[in-house]
Visitor: 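Sending over a structure as structure tokens; questions will come in a sec.
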2 protein chains.
Amino acid sequence: MTQRKVISFDTIRVACKNCSLSQLCLPMGLAPEDVERLDSIIKRSRPLHRGDHLFRGGERFRSLYVVKTGSVKTYAPSEEGGEQVLGFHLPGEIIGLDAIDKSCHACSAKVLETSAICEVPFQRFEELAAAIPSLQHQMYRLLSKEIGQDADMLLLLGKKNAEERLAAFLTSMSSRLSKRGLSPTDFYLSMSRHEIGSYLGLAVETVSRLFTRFQEDGLLRVDRKHVEVLNLSALEMMAGAPPSSAHKQRSN
Amino acid sequence: MTQRKVISFDTIRVACKNCSLSQLCLPMGLAPEDVERLDSIIKRSRPLHRGDHLFRGGERFRSLYVVKTGSVKTYAPSEEGGEQVLGFHLPGEIIGLDAIDKSCHACSAKVLETSAICEVPFQRFEELAAAIPSLQHQMYRLLSKEIGQDADMLLLLGKKNAEERLAAFLTSMSSRLSKRGLSPTDFYLSMSRHEIGSYLGLAVETVSRLFTRFQEDGLLRVDRKHVEVLNLSALEMMAGAPPSSAHKQRSN
DNA sequence: ATTGACGCTTGATGCATGTCAACTTGAGTT
DNA sequence: AACTCAAGTTGACATGCATCAAGCGTCAAT
């Protein structure tokens, strides 16, 4: 027991240089001594639990957050409890980039499952980036990547139908998980159907029906949050090109 | 005539320190001598004309572009000529930020009317930013701002109906033009109905019908590309809150 | 003027997907 | 087990908007 506790404690405060995510995350491309410098400004807290907030819309911006383990959703809370899910964030992904501009968070971030999070105080980070060109470059790349992904989402929401949207969501999860050393065809979704629907601009019921249909068509095996992808290339096909079948709404 | 030519030539190559956009653009917050340094790396070409490309999807990324006068659209070209409009860019706005990550443009940029464009070679810019902290900070802010605007669009495409979308588009144009010293209630749209539709995830016909309806309801006076906003606050209302009337689809 | 092309508008129709409602399932509590 | 509550599923129905189709103003080239 004591043993177990020690291991878990260690896991939480593993330094960047020992972190398996360093090739996806801020330290990418940095010299070892610069990784140490970056490491020295990062705060690592105890793990957060399902429903805990990293920050809420309206709060002052002080730090960026990086998922180390677990997953996080960002969302724009609206009056009357409704919310638009803006993104799901997996290990190595940075949260809070949209708040740099106004020094104030416009959206909220909530962890979807027990998660370890690295906090990066932004002001100190900025000083460090000025001194380490490769860190500055990596930061530009990460900001740019975020913009590119948002453009992909605009395309998805602007032009794709429900089937294509869910297929795109699943293949995207598959490839992101795969990059993190997990199976691209067998995984657990940490978000609810409702959250998936909000993210994709669809009603829960539509998402649910599509999961059923994909299963009937032999593309997936689904049990609650557990998804097994049986035909990944068919899903990728569906996500990318317009549906080969007859109907083609929204070809604006 | 010679006189006229000289003036126009002068207008094109006006330096950052004399540019009316400096408070919206990269030079914001820079000391005069740093503005000079930034200015020295910027290339200014002859004006581009309607339909000219700044860059096309697939091309190597070398420079960022800033609109000085006129307007530009970015779009993701798809097979079979269809395109998703990703954004419209007014003077002072930066184009190409999404390409830093992959060093390759994922979208295309085309000018909508005769426009003057400043080209910012990115590598030299990056060196300069490393040496000028306030320039680095401004660059982070601009990247972050872009991410925040994309989130607004995700919300629009994910949750808003056609009426709310067009109202949001018009109020956004109004406020952006107003920041540039133009009338917030009387302006010309440089893009076609088709492009507006693509941007908003709507069919051309829907956009056209909405313009007609807004006019019937006394919100606008429209003549081709010329728009006079008669009731700005009503439009803002409509863009923000769900429609006060009965129906409310897409309240996922 | 005439022509043609293009962008815009308007009407008629249909479908994809939202909405409403009822039921099932699973997980936690007593 | 029985109860509770939230999440998910499924069916029936309604509707907002896409699609199809036709007509109209505008502009440029002839």
Side-chain angles (χ1 to χ4, degrees), chain A residues 49-51 73 81-85 112-113 156-167 188-198 200-216 220-227 238 242-243 245-252, chain B residues 49-51 73 81-85 112-113 156-167 188-198 200-216 220-227 238 242-243 245-252:
Chain A
H49 298 290
R50 175 167 178 81
K73 76 165 174 183
E83 60 181 48
Q84 166 73 30
V85 173
L112 291 167
E113 62 191 311
L156 181 144
L157 292 173
K159 281 220 157 18
K160 297 191 180 178
N161 65 23
E163 174 182 299
E164 296 169 304
R165 292 183 198 194
L166 188 62
Y188 282 79
L189 297 172
S190 57
M191 67 295 290
S192 70
R193 300 286 193 266
H194 184 86
E195 287 163 333
I196 295 172
S198 170
L200 297 176
L202 299 171
V204 202
E205 295 92 331
T206 304
V207 174
S208 181
R209 276 186 253 268
L210 283 170
F211 269 117
T212 306
R213 179 139 65 85
F214 283 180
Q215 184 159 242
E216 286 166 0
L220 303 176
R221 193 173 300 136
V222 188
D223 177 39
R224 299 292 244 140
K225 314 227 164 210
H226 181 207
V227 176
M238 199 181 259
S245 67
H247 318 298
K248 46 154 191 170
Q249 192 168 281
R250 277 183 185 270
S251 64
N252 328 326
Chain B
H49 300 290
R50 174 167 181 81
K73 77 165 173 182
E83 60 180 50
Q84 166 74 29
V85 173
L112 291 167
E113 61 191 312
L156 181 144
L157 292 173
K159 281 220 158 18
K160 297 190 179 175
N161 64 25
E163 174 182 299
E164 295 169 304
R165 292 182 198 194
L166 188 62
Y188 282 80
L189 297 173
S190 58
M191 67 294 292
S192 70
R193 300 285 194 266
H194 184 85
E195 288 163 333
I196 295 173
S198 171
L200 297 176
L202 300 171
V204 201
E205 294 92 329
T206 304
V207 173
S208 180
R209 277 185 252 268
L210 283 169
F211 269 116
T212 306
R213 179 140 64 86
F214 284 179
Q215 185 161 239
E216 286 167 2
L220 304 176
R221 194 173 301 137
V222 188
D223 176 39
R224 299 291 245 143
K225 313 227 165 215
H226 181 207
V227 176
M238 199 181 260
S245 67
H247 317 298
K248 46 154 189 167
Q249 191 168 279
R250 277 184 184 269
S251 62
N252 325 328

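Not measured: the values here are computed from a predicted model.
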Visitor: Within this structure, what is the CD-CG distance for the pair B:E216 and B:L210, rounded to the nearest 0.5 Å?
Guide: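 If I round to the nearest 0.5 Å, the distance is 11.0 Å.
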Visitor: Touch check for B:S192, heavy atoms < 4.0 angstrom, all strands: base, sugar-phosphate only, or nothing?
Guide: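 Counting heavy atoms under 4.0 Å across all strands, the contact made by B:S192 is with sugar-phosphate only.
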Visitor: Which atom pairs link the protein and nucleotides 21-28 of chain C when you take only N or O atoms and keep those under 3.5 Å?
Guide:
| from | atom 1 | to | atom 2 | distance (Å) |
| --- | --- | --- | --- | --- |
| C:dG26 | O4' | A:R224 | NH2 | 3.4 |

Visitor: Atom CE of B:M191 to atom P of C:dG7: distance rounded to whole Å?
Guide: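 Answer to the nearest Å: 15 Å.
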Visitor: Rounded to the nearest 0.5 Å, what separation is found between the CG atom of A:L200 and the CG atom of A:L157?
Guide: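 Those atoms lie 7.5 Å apart.
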Visitor: If you go through the side-chain atoms of A:R209, does one of them form a donor-acceptor pair with the base of D:dG8 closer than 3.5 Å?
Guide: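 A donor-acceptor contact between them is absent.
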Visitor: To the nearest angstrom, how far is A:Q215 atom CD from D:dG8 atom C1'?
Guide: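 Atom CD in A:Q215 sits about 13 Å away from atom C1' in D:dG8.
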Visitor: Hey, which of these two, A:F211 or B:A162, hits DNA chain D nearer its 5' end, going by closest nucleotide?
Guide: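 On the 5' side of the pair lies A:F211.
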Visitor: OP1 or OP2 of D:dT10 versus the side-chain N and O atoms of A:T212: is any pair under 4.0 Å?
Guide: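 Checking A:T212 against D:dT10: at least one side-chain N or O falls below 4.0 Å of OP1 or OP2.
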Visitor: Specify the separation, in whole Å, of atom CG of B:L166 and atom P of D:dG16.
Guide: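 The distance from CG of B:L166 to P of D:dG16 comes to 17 Å, rounded to the nearest Å.
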Visitor: Which sits closer to the 5' end of DNA chain D, A:E195 or B:R213, going by the nucleotide each is nearest to?
Guide: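 Checking each residue's closest nucleotide, the 5'-ward one belongs to A:E195.
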Visitor: For A:E216 and D:dT9, what is the distance between atoms CD and P respectively, to the nearest whole Å?
Guide: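 Computing the A:E216:CD to D:dT9:P distance gives 12 Å.
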Visitor: Restricting to side chain to side chain contact (heavy atoms under 4.5 Å, CB included), what partner residues turn up for B:S192, sequence neighbours left out?
Guide: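 Partners of B:S192 by the side chain to side chain contact (heavy atoms under 4.5 Å, CB included) criterion, ordered by chain and then number, come out as B:H194, B:E195, B:K225.
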Visitor: With a 4.5 Å limit on heavy-atom distance, are the side chains of B:Y188 and B:D223 in contact?
Guide: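 The answer is no; the side chains never approach within 4.5 Å.
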Visitor: For salt bridge (Lys or Arg N to Asp or Glu O under 4.0 Å), just list the numbers for A:E83 and A:K73, CA-CA rounded to whole Å, side-chain angles, deciding distance to a tenth of an Å, and then say yes or no.
Guide: CA-CA 11 Å; A:E83 60 181 48; A:K73 76 165 174 183; 2.5 Å; yes
Visitor: Using OP1 and OP2 only, check whether a side-chain N or O of A:T206 sits under 4.0 Å from C:dG18.
Guide: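 Answer is yes, contact under 4.0 Å.
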Visitor: Round to the nearest Å and state the distance from A:L200 atom CG to C:dG18 atom P.
Guide: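 Rounded to whole Å, this separation is 11 Å.
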Visitor: Decide salt bridge (Lys or Arg N to Asp or Glu O under 4.0 Å) for B:R213 and B:E163; before the verdict, give the C-alpha distance in whole Å, the side-chain angles of both, and the deciding distance to 0.1 Å.
Guide: CA-CA 10 Å; B:R213 179 140 64 86; B:E163 174 182 299; 3.0 Å; yes
Visitor: Rounding to an integer number of Å, can you tell me how far B:I196 CD1 sits from C:dT9 C1'?
Guide: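 Computing the B:I196:CD1 to C:dT9:C1' distance gives 14 Å.
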Visitor: Mind checking side-chain hydrogen bond (donor to acceptor under 3.5 Å, both in side chains) for B:S208 and listing every partner two or more places apart, or none if nothing turns up?
Guide: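 For B:S208, no residue satisfies side-chain hydrogen bond (donor to acceptor under 3.5 Å, both in side chains) once neighbours in sequence are set aside.
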Visitor: Which of these nucleotides, D:dT10, D:dC17, C:dG7, is closest to any side-chain atom of B:N161?
Guide: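 The answer is D:dC17, which lies nearest to the side chain.
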Visitor: Of the nucleotides D:dT19, D:dG8, C:dT9, which one has an atom closest to the side chain of A:R193?
Guide: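 From the listed options, D:dG8 comes nearest.
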Visitor: Can you tell me how far P of D:dA18 sits from NZ of A:K160, to the nearest Å?
Guide: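 Roughly 18 Å, once rounded to whole Å.
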Visitor: Please state how far atom CG in B:L202 lies from atom C1' in C:dT17, giving the value in whole angstrom units.
Guide: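 Atom CG in B:L202 sits about 15 Å away from atom C1' in C:dT17.
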